[in-house]
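Some notes on the structure that comes next.
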Amino acid sequence: MTDDLATDVFEEHRPLLMAVAYRMLGRVADAEDVVQDAWLRWYGADRAQVREPRAYLVRVTTRLAIDRLRQVQSRGEAYVGPWLPEPYLTEFAGTAPDSADRAELADTVSLAVLVVLESLSPLERAVFVLREAFDYPYAEIAALLDRAEPAVRQLAGRARRHVAERRPRYEADPVRRRDLTERFLAAAAGGDLAGLLSLLAPDVRLVADSGGKAKAPLRVLHTADKVGRFLVGVARTVADLSFRPVQVNGGPALLILSDGKPSTLFQVDIADGRITTVYLVRNPDKLRHLADG
């Protein structure tokens, strides 16, 4: 295989590799680093011995992501306030051939699921991602991870139960989410507390990620009254903002810009026609890559 052909093969699989790495890590920069490392491994490999480039590249990427995740966990760095994954502009071209597959991929990359995945072990997370997001057979996952198939099935079952027990209930319908997101923003920006309360579930949560680098609640806010009053209060203190609809983590969101730079990302989860969770990302390190999105 020539170098030019090797480059073409890698670029063909890059969207898939990025999708795997991001779900493993929840951090765009780390996922990009892992994919770049996978490229270097691929370029330096004896490609004549590689019968299935896709399987080889997914195996390398998964193992690199496991190593990176173990490094992150071993550092045990304290994070200021609630943690959310780094918002990821999602396009499923090259990874999902039809709408049903795209819906499954969107679910496995949602903020709600990725927050839960943070509590899995690296191996559990790898098995969950490969099985639930990309429908890899257990035997193939076992080969990728150099584990026995029964052990992989145990890891998958444990991870699946863990996620099912901890993930909040929400509807993935993008049309309904987009409609509620737009109505939510209009009510918040207009200081319409009554309008906001009509959209929020009584037990709604607001999860704000600032990393201590921007103003945001350092604890999760609970109940419609507290969340609504907080948002109305914020709306009264901001001006000269612009808004851009974006597609992140498999669903519609709104990016708020101040002086043309990303300032805040809003995304909501809904259930039974009401907003159940408001995600607010304000950490500038997590928004920088959205500037040209």
Side-chain angles (χ1 to χ4, degrees), residues 79-87 106 110-116 166-284 286-287 290 293:
Y79 195 81
V80 179
W83 178 92
L84 289 173
E86 193 173 340
S110 69
L111 295 179
V113 169
L114 289 178
V115 168
V116 177
R166 290 164 176 78
R167 66 182 294 176
R169 185 173 65 90
Y170 68 92
E171 299 172 19
D173 186 319
V175 176
R176 296 185 66 174
R177 288 181 72 188
R178 185 176 299 108
D179 174 63
L180 275 179
T181 298
E182 292 173 353
R183 290 163 59 193
F184 160 81
L185 180 65
D192 180 4
L193 180 59
L196 270 176
L197 293 178
S198 71
L199 300 174
L200 300 175
D203 57 351
V204 65
R205 303 180 307 136
L206 183 144
V207 184
D209 179 334
S210 69
K213 299 181 180 181
K215 290 185 178 180
L218 295 179
R219 294 183 179 179
V220 177
L221 299 184
H222 296 269
T223 77
D225 184 67
K226 288 182 180 179
V227 171
R229 292 185 183 281
F230 168 78
L231 293 170
V232 168
V234 170
R236 291 172 179 159
T237 65
V238 298
D240 300 323
L241 298 178
S242 58
F243 308 94
R244 179 194 301 164
V246 290
Q247 184 83 5
V248 301
N249 293 81
L254 285 165
L255 181 63
I256 300 177
L257 301 103
S258 177
D259 296 325
K261 298 179 180 179
S263 167
T264 306
L265 182 100
F266 274 103
Q267 190 172 64
V268 301
D269 283 342
I270 68 171
D272 302 323
R274 294 282 190 94
I275 294 172
T276 56
T277 307
V278 179
Y279 299 105
L280 191 159
V281 181
R282 298 222 63 218
N283 186 334
K286 296 186 176 184
L287 299 175
L290 299 178

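Just so it is clear, the model here is predicted, and its values are computed rather than measured.
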Which atom pair, heavy atoms only, marks the closest approach of [X] to [Y]?
X    : Y    : answer
P82  : P217 : CD-O, 4.0 Å
L200 : V278 : CD2-CG2, 4.5 Å
A201 : A224 : O-CB, 3.6 Å

Just verifying a value: how many Å separate [X] [atom1] and [Y] [atom2], rounded to the nearest 0.5 Å?
X    : Y    : atom1 : atom2 : value
L257 : L265 : CG    : CG    : 10.0 Å
E86  : L114 : CD    : CG    : 11.5 Å
F243 : L255 : CZ    : CG    : 10.5 Å
I275 : S198 : CD1   : OG    : 9.0 Å
L231 : L193 : CG    : CG    : 9.5 Å
F230 : L196 : CZ    : CG    : 12.0 Å

Heavy-atom distance under 4.5 Å between the side chains of [X] and [Y], does that happen here?
X    : Y    : result
L111 : Q267 : yes
R178 : Q247 : yes
L254 : F184 : no
T276 : I270 : no
P87  : L290 : yes
T223 : P202 : no
R244 : V246 : yes
L280 : T264 : yes

Task: Trace of the side-chain contact (heavy atoms from CB on, under 4.5 Å) decision for N283 with Y79 - done: CA-CA 11 Å; N283 186 334; Y79 195 81; 2.9 Å; yes
TODO: Decide if atom CZ of R229 counts as having more than 12 heavy atoms of other residues, nucleotides or ligands within a radius under 6.0 Å.
DONE: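 Not more than 12 within 6.0 Å, no.
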Task: Qualifying salt bridge (Lys or Arg N to Asp or Glu O under 4.0 Å) pairs with a residue from residues 272-282, counting only residues at least two apart or across chains - done: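 Pairs touching residues 272-282 that pass the test: R169-D272.
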TODO: Would you tell me whether Y279 and D209 have side-chain atoms, one donor and one acceptor, within less than 3.5 Å of each other?
DONE: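 Absent: no donor and acceptor within the cut-off.
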